[in-house]
Amino acid sequence: MKYIHIYIFIFFNILLSENQGVIKEMDSMISTYEYKNAASIGEDWLKNNPEDVEVIWRLAQCNFYIGQQSEDIKIHKKYYYPALEYARKALELNPKSARANHWYAVLIGQTGIIEGTEQKIINSYESKKYADIAISLDPNYDGTYHVLGRWNFELADLSWIERSIASWVYATPPQGSFEEAVEFFKKAVETKDDEIRHYVWLGNSYFELGDYQNARTSWEDAFKLEPKSELDELLIKEAKNNLAKLK
């Protein structure tokens, strides 16, 4: 019996070591924007380890980032829906995982946008709920502050027709404001100051408030950073177009 316990102990330590190796490799590839390669490694690992939460939420992350590199709605659908299923599974396996909550918040929001205004409003409640949980579990992650900044921006930016649809869906539609968006994007910048997206969206929020000086400053801060991905380049292009409106 003693030897059985020893073998079990050794087996689980080997498995844990392998798990850490997979996670380290995925994280390394994600940091260098090799999202498809990272996803391939995670998918192979899951074939024999289908309940590995740390790998599952990273697959949600990879699929989201792959889809985000394009502005094509077909690409978004191709990658965001599988990403949502990974996030949902990770959340079911471990509701206390900050990243599982984060990626579920991101993806339930993004798929809502794909499906139109009514679904966008419906999904916005879940998006905020799980983003709030993610922050309570890990208040030092810039990504979730960015999510809540976008949540406020998107709701504040609803057209009159969209607000009418929102009132049909809920008696009291979710309320977002550009002021709150500014605060969340500022918090994202404070938490991680080398992300182009934080500065661009902070500038966008100031612009909507008519605070053009701070909008200009935020966009110019974004230009000081080296684009690391196609998304960064798209954001820089957007910010330059917006900045041109101020001249």
Side-chain angles (χ1 to χ4, degrees), residues 30 33 61 64-73 76 80 83 99 101-114 117 120-121 123-124 127-128 130-132 134-135 138-159 162 174-247:
I30 290 169
Y33 312 100
Q61 179 184 26
F64 172 72
Y65 283 154
I66 293 168
Q68 201 181 33
Q69 301 306 305
S70 172
E71 295 179 307
D72 188 340
I73 190 69
H76 291 176
Y80 288 176
R99 293 299 184 275
N101 279 278
H102 168 82
W103 287 109
Y104 185 80
V106 170
L107 289 154
I108 198 67
Q110 288 296 320
T111 53
I113 291 171
I114 289 173
T117 300
K120 172 182 173 179
I121 298 299
N123 287 14
S124 70
S127 183
K128 185 173 190 304
Y130 288 95
D132 286 340
I135 283 180
D138 182 3
N140 297 313
Y141 182 50
D142 64 297
T144 311
Y145 292 113
H146 187 95
V147 169
L148 285 171
R150 291 287 298 274
W151 187 91
N152 274 277
F153 189 100
E154 295 292 343
L155 289 176
D157 200 37
L158 290 178
S159 67
E162 289 173 321
Q175 299 296 313
S177 71
F178 294 119
E179 290 86 356
E180 282 293 307
V182 163
E183 293 307 311
F184 280 115
F185 289 130
K186 284 169 65 177
K187 185 66 176 176
V189 168
E190 289 170 12
T191 311
K192 195 170 190 296
D193 63 3
D194 62 350
E195 286 281 342
I196 284 175
R197 61 188 178 132
H198 299 336
Y199 293 101
V200 171
W201 279 97
L202 178 58
N204 294 348
S205 302
Y206 278 128
F207 181 82
E208 293 297 333
L209 288 170
D211 186 346
Y212 301 132
Q213 182 55 54
N214 275 319
R216 180 189 298 276
T217 299
S218 298
W219 291 330
E220 289 176 346
D221 284 341
F223 303 154
K224 295 173 185 176
L225 299 173
E226 186 71 28
K228 302 172 185 175
S229 66
E230 291 180 25
L231 176 61
D232 281 351
E233 291 173 357
L234 288 172
L235 287 170
I236 288 294
K237 181 180 178 181
E238 173 192 328
K240 286 182 177 178
N241 288 338
N242 288 338
L243 187 59
K245 298 174 186 177
L246 300 182
K247 295 180 179 179

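Note that the structure is predicted; figures quoted are calculated from it, not measured.
- In this structure, F223 and I236 have side chains that are in contact, with non-hydrogen atoms separated by less than 4.5 Å.
- Judged by distance alone, with hydrogens and angles left aside, the side-chain atoms of H198 form no donor-acceptor pair with the main-chain N or O of A222 at under 3.5 Å.
- With hydrogens and angles ignored, the 3.5 Å screen pairs a side-chain donor or acceptor of W151 with a backbone N or O of S124.
- Residue-environment remark: NZ (K240) stays at or below the threshold of 12 foreign heavy atoms within 6.0 Å.
- Between the CG atom in L155 and the NZ atom in K128 there is a gap of 10.0 Å [rounded to 0.5 Å].
- Ring planes of F153 and F178: perpendicular class, angle over 60° (limits at 30 and 60°).
- A cation-pi arrangement is absent between K228 and Y33, since the terminal nitrogen or guanidinium carbon is not both under 6.0 Å from the aromatic centre and inside a 45° cone about the axis.
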- Task: Give the C-alpha distance, both sets of side-chain angles, the deciding distance and a yes or no for side-chain contact (heavy atoms from CB on, under 4.5 Å) between N242 and W219.
- Result: CA-CA 9 Å; N242 288 338; W219 291 330; 3.3 Å; yes
- Task: Decide ring-ring contact (aromatic ring centres under 6.0 Å, His included) for F184 and H146; before the verdict, give the C-alpha distance in whole Å, the side-chain angles of both, and the deciding distance to 0.1 Å.
- Result: CA-CA 6 Å; F184 280 115; H146 187 95; over 10 Å; no
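- If you take OG1 on T144 and OH on Y130, they are separated by 14.5 Å, rounding to the nearest 0.5 Å.
- With hydrogens and angles disregarded, no donor-acceptor distance shorter than 3.5 Å links the side chain of D138 to the backbone of A134.
- Of the inter-residue distances, the one linking E71 atom CD with L231 atom CG reads 9.0 Å to the nearest 0.5 angstrom.
- Side-chain contact between Q68 and L234 is absent, with no heavy atoms from C-beta onward closer than 4.5 Å.
- Taking CG from L209 and CD from E179, the interatomic distance works out to 4.5 Å, rounded to the nearest 0.5 Å.
- When all heavy atoms are compared, the tightest approach of A105 to A131 is CB-N, 3.5 Å.
- Rounding to the nearest 0.5 angstrom, the gap separating the CG atom in D232 from the CD1 atom in I196 is 4.0 Å.
- L148 has its side chain within reach of I135: a pair of non-hydrogen atoms, C-beta onward, lies under 4.5 Å apart.
- Atom CD of E226 and atom CD of E233 lie 9.0 Å apart (nearest 0.5 Å).
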- Item | Criterion side-chain contact (heavy atoms from CB on, under 4.5 Å) on Y206 and Y212, from CA distance to verdict | CA-CA 7 Å; Y206 278 128; Y212 301 132; over 6 Å; no
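- Panel note: side chain S218, backbone V200; no donor-acceptor pair is recorded below 3.5 Å.
- If you check the side chains of N204 and E238, you find a donor sitting under 3.5 Å from an acceptor.
- Residue T111 comes nearest to N123 through the heavy atom pair OG1-ND2, 3.8 Å, listed as atom of the first residue, atom of the second, then distance.
- Side-chain contact check for Q61 versus V106: every heavy-atom pair is 4.5 Å or farther apart.
- Remark: the backbone N or O of F185 is not paired with any side-chain donor or acceptor of Y199 at under 3.5 angstrom.
- Considering all non-hydrogen atoms of both residues, S205 and A181 come closest at OG-CB, 3.6 Å.
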- Item | Step-by-step side-chain contact (heavy atoms from CB on, under 4.5 Å) determination, D132 to N101 | CA-CA 9 Å; D132 286 340; N101 279 278; over 6 Å; no
- Item | side-chain contact (heavy atoms from CB on, under 4.5 Å) between R197 and D142, intermediate numbers included | CA-CA 11 Å; R197 61 188 178 132; D142 64 297; 3.9 Å; yes
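- Under a 3.5 Å cut-off, the side chain of Y145 and the backbone N or O of P139 do form a donor-acceptor pair.
- Between V147 and S127, the shortest heavy-atom contact is CG1-OG, 4.5 Å.
- Between W103 and Y65, the ring planes are perpendicular. Angles over 60° get that label, and only those under 30° would be called parallel.
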